[in-house]
Amino acid sequence: MGLWDKLKGELVDIIEWLDDSRDTIVWRFPRYENEIKMGAKLVVRESQVAVFVNEGRVADVFGPGTHTLTTQNLPILATIKGWKYGFESPWKAEVYFVNTRQFTDLKWGTQNPVMMRDAEFGVVRLRAFGAFTMRVADPGKLLTELVGTDPQFRTEEVQEFLRQLVVSHLGSALATAGVPALDLAAKQQSIGQTLSAVLTDELAPSGIAIPRFIIENISLPPEVEQALDKRTSMGVVGNLDAYTKFQTANAIEDAANNQGGAGEAFGIGLGMAAGQRATQAMNTPAATPPAAGPPPLPAAQWFAALGGQQQGPFDAVTLAGHASSGALTRQTLVWRNGMAAWTPAGQVAELNDVFAAVPPPLPPQA
């Protein structure tokens with residue numbers, strides 16, 4: 001730095017920052033050897049905060065307005081420096097302007113699908129994208145934790161970290177929302193509000209807040225969306241038989257209006273198809289009407305306690321099969337409609353035929 005730059009730095013007594021970048025979060029005011037004169041004017045505009053840092057420590061913080069730098073307005077620095085060289089002597093300190101407005105040009109998206117268990121589809125893979133806003137909630141913590149001595153701290157330096165943090169919380173937010181995949185669109189705003197609060201709490205030690213979190217879209221895999229489109233199309237069509245007849249009628253009308261060879265060929269095809277249907281109708285014997293008389297009586301329905309659980313209903317033939325396999329014994333409890341209580345099968349006269357081919361138990365051996 002030349003002599004003129006040194007003299008210019010000594011003469012300038014207005015400290016201010018006009019931001020024209022739209023993406024700068026923190027900007028350090030440049031001064032020759034960081035020297036600032038006592039009595040200099042500090043201009044802090046709306047959505048700004050000026051932070052004085054002395055020897056790496058945050059000292060005084062100024063909000064919006066025009067401030068005259070005196071010992072009364074710099075109590076911490078006055079205590080640290082002592083001003084042993086007089087109030088008009090220059091003193092060294094770094095001035096950082098912190099942009100406290102909301103930064104709205106931050107995007108997020110899932111590079112890899114987020115797994116979610118859905119009651120209707122089972123395990124599904126979801127992709128999502130959107131935007132969020134960020135602002136500085138605590139300038140001191142931001143300078144200490146993230147900025148350090150960076151002379152110009154931009155959103156691009158923290159955006160990737162914030163995006164990864166968003167994606168890490170998105171899966172748990174979707175899973176704990178308790179909303180089916182097809183209904184997530186209706187809950188995007190409430191899920192976004194929940195994520196905004198969670199992210200703000202986690203970023204509080206870094207001095208950053210997330211005022212708004214926007215979910216623009218949550219999408220299913222392409223093959224699932226295609227299956228849903230087919231399902232929707234079937235629902236719109238309704239009765240497939242009626243729809244086929246309607247399509248055929250339209251085709252006949254179009255063919256009748258077409259006087260060319262294609263229309264005549266189509267008419268011949270329809271005539272041949274109608275003749276085939278008439279021939280089949282004549283060659284098919286008429287169905288013989290069923291003989292008059294009452295229907296057969298329904299078989300008795302039995303319930304049995306098999307394996308310690310109630311099973312059934314069974315007919316007598318099925319019970320005979322269980323008896324042959326040994327699953328049903330004469331001590332097995334059975335019941336059917338009309339019986340007062342469960343009774344051992346061996347004591348029910350109607351089931352004697354069931355055990356006809358099953359030998360009785362052996363008598364006790366001497």
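Because the structure is a prediction, the values reported are computed rather than measured.
In this structure the side chain of Arg28 never reaches within 4.5 angstrom of the side chain of Gln152, judged on heavy atoms. Within the 4.5 Å cutoff, no side-chain heavy atoms of Val166 are placed close to those of Leu195. No side-chain heavy atom of Val136 sits less than 4.5 Å from a side-chain heavy atom of Val49. Looking at heavy atoms from C-beta onward, Leu333 lies in side-chain contact with Pro344 at the 4.5 angstrom threshold. Put simply, the side chain of Leu162 reaches to within 4.5 Å of the side chain of Leu203, judged on heavy atoms. A heavy-atom distance below 4.5 Å is not found between the side chains of Phe97 and Asp19. By the 4.5 Å heavy-atom criterion applied to side chains, Val167 and Asn112 are not counted as neighbours. A 4.5 Å side-chain heavy-atom check between Leu184 and Met116 finds at least one atom pair inside the cut-off.
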Identify every side-chain donor-acceptor pair in residues 126-135 under 3.5 Å, counting partners at least two apart or on other chains, and give the distances.
from: Arg127; atom 1: NH1; to: Gln111; atom 2: O; distance (Å): 2.9
from: Thr133; atom 1: OG1; to: Gln102; atom 2: OE1; distance (Å): 3.3
from: Thr133; atom 1: OG1; to: Arg212; atom 2: N; distance (Å): 3.1

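Every pair tested for salt bridge (charged side-chain N to carboxylate O under 4.0 Å, His left out) that includes a residue from residues 179-203 fails, sequence neighbours excluded, so the list is empty. Sorted by first then second residue, the ring pair (Phe, Tyr, Trp, His ring centres under 6.0 Å) pairs that include residues 156-215, not counting sequence neighbours, are Trp108-Phe213.
Using a distance-only test at 3.5 Å, with no hydrogens or angles considered, a donor-acceptor pair links the side chain of Ser196 to the main chain of Pro211. Of the possible donor and acceptor atoms, none in the side chain of Thr24 sits under 3.5 Å from a partner among the backbone N and O of Arg154. For Thr200 (side chain) and Ala209 (main-chain N/O), no donor-acceptor pair under 3.5 Å exists by modelled atom type. For Ser324 (side chain) and Ala320 (main-chain N/O), a donor-acceptor pair under 3.5 Å exists by modelled atom type.
The hydrophobic clustering, which links ILVMFWY residues whose side-chain heavy atoms are closer than 4.5 Å, places Ile215 and Val198 apart. Hydrophobic clustering of Ile, Leu, Val, Met, Phe, Trp and Tyr side chains at less than 4.5 Å, counting indirect connections, keeps Ile214 apart from Ile191. By the rule that hydrophobic residues join a cluster once side-chain heavy atoms approach within less than 4.5 Å of another member, Met339 and Phe314 end up as members of one cluster.
A donor and an acceptor atom, one from each side chain of Lys41 and Thr68, are located under 3.5 Å apart.
Taking both residues in full, the closest heavy atoms of Gly148 and Tyr96 are given as O-OH, 3.8 Å, listed atom of the first, atom of the second, then distance. Across all non-hydrogen atoms, the minimal contact from Ala305 to Thr332 is O-CG2, 3.5 Å. Residues Ala181 and Leu220 share a closest heavy-atom pair of CB-CD2, 4.3 Å. Across all their heavy atoms, Val354 and Ala316 have their closest contact at CG2-O, 4.0 Å. Residues Pro313 and Gln301 come closest through the heavy atom pair CB-OE1, 3.2 Å. Residues Leu306 and Ala327 come closest through the heavy atom pair CD2-O, 3.5 Å.
Distance check, rounded to the nearest 0.5 Å: CD1 of Ile210 to CG of Leu165 gives 8.0 Å. Going from atom CD1 of Ile218 over to atom OG1 of Thr110 covers 9.5 Å, rounded to the nearest 0.5 Å. Note that OG1 of Thr66 and CD1 of Ile15 are 12.0 Å apart. Values are rounded to the nearest 0.5 Å.
Relative orientation of the Trp27 and Trp17 rings is parallel, given thresholds of 30° and 60° on the angle between their planes.
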In sequence, state the C-alpha distance, the side-chain angles, and the governing distance for Leu142 and Ile25, and then conclude on side-chain contact (heavy atoms from CB on, under 4.5 Å). CA-CA 10 Å; Leu142 178 68; Ile25 303 175; 3.9 Å; yes
Are Val158 and Phe153 close enough, and set up right, to give a side-chain contact (heavy atoms from CB on, under 4.5 Å), and what steps lead you there? CA-CA 9 Å; Val158 72; Phe153 186 72; 4.2 Å; yes
Which is it for Trp342 and Gln310 under the side-chain contact (heavy atoms from CB on, under 4.5 Å) test, yes or no, and what are the steps along the way? CA-CA 11 Å; Trp342 289 80; Gln310 174 184 319; 3.9 Å; yes
Determine, step by step, whether Phe62 and Val95 satisfy the side-chain contact (heavy atoms from CB on, under 4.5 Å) criterion, reporting the C-alpha distance in whole Å, the side-chain angles of both residues, the deciding distance to 0.1 Å, and the verdict. CA-CA 10 Å; Phe62 291 85; Val95 181; over 6 Å; no
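With sequence neighbours left out, the salt bridge (Lys or Arg N to Asp or Glu O under 4.0 Å) criterion links Arg45 to Glu16. With sequence neighbours excluded, no residue forms a salt bridge (Lys or Arg N to Asp or Glu O under 4.0 Å) with Asp150. Remark: Arg163 engages Glu160 in a salt bridge (Lys or Arg N to Asp or Glu O under 4.0 Å) (not counting sequence neighbours).
More than 12 heavy atoms of other residues, nucleotides or ligands sit less than 6.0 Å from atom CG of Asn352.
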